[in-house]
Structures are given as C-alpha cells and as structure tokens.
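None of the values given here were measured: they were computed from a predicted structure. Along the sequence shown, residues are numbered consecutively beginning with 1.
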Amino acid sequence: MHLTDDDLPLLTSIQQLNVQLLKIQVILYNYYLTADSALFAKQFSVGFDALSRNHGAIEEEIPEAPRLSSIGSLIDSLLTIPTSLDGVMRRSPVDWDQSRSILAEMDPVIQQMDADSL
C-alpha cells in the first residue's frame, strides 16, 4: 500500500485511537486490582476525554467513513462498562466474579474497534 504524506496524520490518529482504547482497558483492570475509586474516576475521565477528542478529530478529517460511526457507537458504549464496574467495586463486599464478568465486556469492544479502524 502506498501512503502519501497527507495520509500519515490520519493513520497516526487511528493508531492513537487504538492506543487510547487500550489505555481505557488498563485503567479498568487497574481499578479491579486496586479498588481505588478516586484514582479510577480521575484516570477514566482523562482517558475517555482523550479518546473522544481523537475520534472527533478523525471525524473532521474523514466524515463519510463507513466504519467511523460504528467506532463512535463503541466509544459511547464504553460508558456503561466503567459505570457498571464502579457500582460493583463500591459494594461491600465486592463481587469479584461480577467484576470479572464486566471486565470481559471490553474484549468484544476492542476487537470490533480493531476491525473498524482497519
């Protein structure tokens, strides 16, 4: 495949989107391991904002991309996973099985995001 210099910023943005999604996943797993809700709230907010901004920049660059709306829907769906996890992690005692089940919901999101970003 031949990429021009004009294509490289877009390719970089798409790769950053994938990296930011993986960072979100790390933040969720870190919350599972540490149960530090204050740190989670701060890190997730920053990570999600970066992910949303990057997606918006890509939308401005190629607004008619067929899979871009799917990526936007996936990003929106990410909000339910941390909300569910936070609810379980704040209960006493923590239901660790349910927490792991919620974390497993990230796998199909990441797989779909990878497919759509190609």
Side-chain angles (χ1 to χ4, degrees):
M1 176 184 278
H2 175 70
L3 291 174
T4 66
D5 288 340
D6 294 337
D7 295 330
L8 291 177
L10 180 59
L11 179 64
T12 300
S13 294
I14 291 169
Q15 289 306 313
Q16 287 174 344
L17 194 70
N18 287 331
V19 168
Q20 289 162 344
L21 181 64
L22 292 174
K23 285 181 181 179
I24 295 283
Q25 187 178 31
V26 168
I27 290 166
L28 290 169
Y29 277 98
N30 188 51
Y31 185 31
Y32 173 79
L33 294 173
T34 65
D36 186 341
S37 59
L39 179 63
F40 168 71
K42 180 180 176 183
Q43 288 179 336
F44 184 80
S45 175
V46 169
F48 188 79
D49 288 347
L51 184 68
S52 296
R53 273 193 314 276
N54 194 280
H55 178 258
I58 294 171
E59 273 189 322
E60 287 178 15
E61 184 74 27
I62 49 170
E64 301 301 320
R67 299 280 179 138
L68 203 52
S69 63
S70 174
I71 290 173
S73 296
L74 290 170
I75 290 171
D76 291 341
S77 75
L78 284 177
L79 290 175
T80 61
I81 296 170
T83 301
S84 298
L85 182 63
D86 193 39
V88 171
M89 294 297 291
R90 288 179 182 260
R91 285 190 221 137
S92 184
V94 173
D95 184 341
W96 297 106
D97 291 332
Q98 187 177 7
S99 296
R100 283 188 293 276
S101 174
I102 292 168
L103 288 173
E105 293 175 20
M106 278 294 292
D107 293 338
V109 172
I110 289 173
Q111 291 170 358
Q112 186 62 49
M113 181 81 87
D114 283 343
D116 289 347
S117 68
L118 292 176

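- The CD atom of Q98 sits 9.5 Å away from the CG atom of L85 when rounded to the nearest 0.5 Å.
- The hydrophobic cluster containing V94 also contains Y29, counting ILVMFWY residues as joined when their side-chain heavy atoms lie under 4.5 angstrom apart, directly or transitively.
- Contact check for F48 versus L79: side-chain heavy atoms found under the 4.5 Å cut-off.
- With rounding to the nearest 0.5 angstrom, the CG atom of L21 is 11.5 Å from the NE2 atom of H55.
- Contact detail for S77 and T80: the closest heavy-atom pair is O-OG1, 2.8 Å.
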Below 3.5 Å, can you tabulate the donor-acceptor pairs from side chains in residues 33-47 to any protein atom, sequence neighbours excluded?
{"residue": "T34", "atom": "OG1", "partner": "N30", "partner atom": "O", "Å": "2.9"}
{"residue": "T34", "atom": "OG1", "partner": "D36", "partner atom": "N", "Å": "3.3"}
{"residue": "D36", "atom": "OD1", "partner": "A38", "partner atom": "N", "Å": "3.3"}
{"residue": "D36", "atom": "OD1", "partner": "L39", "partner atom": "N", "Å": "3.1"}

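- In this structure, CZ in R100 is found 8.5 Å from CG in D95, a value given to the nearest 0.5 Å.
- In this structure the side chain of K23 reaches within 4.5 angstrom of the side chain of V19, judged on heavy atoms.
- One finds the OH atom of Y32 at 11.0 Å from the CD1 atom of I102 (value rounded to the nearest 0.5 Å).
- By the side chain to side chain contact (heavy atoms under 4.5 Å, CB included) test, Q20 is found to be paired with L17, A50, L51, N54, residues two or more places apart in sequence or in another chain being considered.
- At least one side-chain heavy atom of D49 sits under 4.5 Å from a side-chain heavy atom of R53.
- Side-chain contact between L78 and M106 is present, with at least one heavy-atom pair separated by less than 4.5 Å.
- Contact detail for M89 and W96: the closest heavy-atom pair is CE-CZ3, 3.7 Å.
- I75 and S52 get closest at one heavy-atom pair: CG2-OG, 4.1 Å.
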